[in-house]
Amino acid sequence: MNFDFTTTTFDNRRHSADELAVIAKEIRQDIIKMLAIAKSGHSGGPLSSADIFAVLYFNGCMNYDSQNPAMPGRDRFILSAGHMCPVQYAALANAGFFPKEELATLRQYNTRLQGHPARDMGLPGIETSSGSLGQGISVAVGMAMSDKLLDKNNACVFALTGDGELQEGSVWEAAMAASNFGLDNFCWIIDNNDCQIDGRLRDVMNVYPIVDKCVSFGFDVVECNGHNFDELAAAFDAFKKNHAGNSGKPTAIIANTKMGRGVSFMEDSYKWHGMPPNSEQAVQALKDLA
Ligand SMILES: [Mg+2]
């Protein structure tokens with residue numbers, strides 16, 4: 001089996017749902033290839049959030065320039081659930097931040113594509129190191145404070161946490177701060193797949209009801225089907241409207257997803273949280289995604 005990557009890249013104009021589906025498929029195929037080559041890494045979360053990334057990076061939602069990744073005043077994205085980085089690496093490569101063939105180096109010694117995002121490795125598009133759960137969102141809120149209150153550049157900061165990550169206390173400190181400081185430029189995305197490394201959330205540590213918690217922490221909350229491109233696009237539009245209108249409230253997008261989405265034998269199974277496909281499984285997975 002050949003795990004070569006295509007050289008296809010996509011732009012950041014608004015796309016139709018059908019076009020976003022093509023982009024999400026490419027991202028999922030890249031994730032499977034990366035993990036099969038690396039023989040280690042996380043499958044479940046990257047596949048559950050691939051549709052979110054398709055809308056986030058390829059629908060005019062985030063202001064970035066892949067050819068000038070340090071552009072002043074750019075919007076920033078922080079992957080707080082750092083272990084899900086294969087999906088961000090695939091999105092960045094498909095947006096032209098770096099050559100797609102570099103995806104084959106995931107988790108290799110000295111690669112820029114570490115097993116968790118590592119800012120000091122210099123991969124374009126990675127704004128901070130992350131992966132110690134609960135910390136990325138805190139860094140993101142700090143960035144949003146800086147953009148809104150100090151630099152006043154009107155830039156937006158997006159952060160994605162897992163749902164299991166909500167069990168980390170620092171997540172709620174960050175949420176409290178985002179609300180307290182009126183950060184309408186902050187968008188928190190929760191990949192709500194009801195799976196974490198050891199099982200269902202309510203069997204490990206119940207975090208429900210998530211919507212009510214976010215509302216009570218002062219967020220404008222949009223709950224959506226995280227595999228429906230129209231709903232995802234509308235959720236991000238609601239955030240942008242909040243931001244443009246200086247609402248003084250941060251936004252939380254609760255995207256209901258399925259772990260391992262798109263791959264028959266991985267879907268909705270927490271056993272695939274931290275496991276890569278072997279070669280035969282990767283062949284099957286790529287067939288499922290074709
Ligand atoms: Mg989860």
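None of these values were measured; they are calculated from a predicted model. Whatever order the structure lists them in is the order used to number ligands and atoms, beginning at 1. Residues take their numbers from the sequence shown, with the count starting at 1.
Under a 4.0 Å N-O distance rule, the pair Asp184/Lys249 does not qualify as a salt bridge.
Defined by atom type and a distance below 3.5 Å, a donor-acceptor pair is missing between the side-chain atoms of Asp220 and Thr251.
Taking 2.8 Å as the threshold, Asn193 counts as a candidate ligand of the Mg ion (ligand 1), since one of its N, O or S atoms lies below it. In summary, Cys195 places an N/O/S atom under 2.8 Å from the Mg ion (ligand 1), meeting the contact criterion. Among the atoms of Glu165, no N, O or S atom falls under 2.8 Å of the Mg ion (ligand 1).
Annotation for Lys240: atom NZ counts as buried by contact number, over 12 foreign heavy atoms lying within 6.0 Å. By the 6.0 Å contact criterion, NZ on Lys258 is open, its count of non-hydrogen atoms from other residues, nucleotides or ligands being 12 or less.
Sorting the N, O or S atoms of Asp163 by how far they are from the Mg ion (ligand 1) puts OD1 first.
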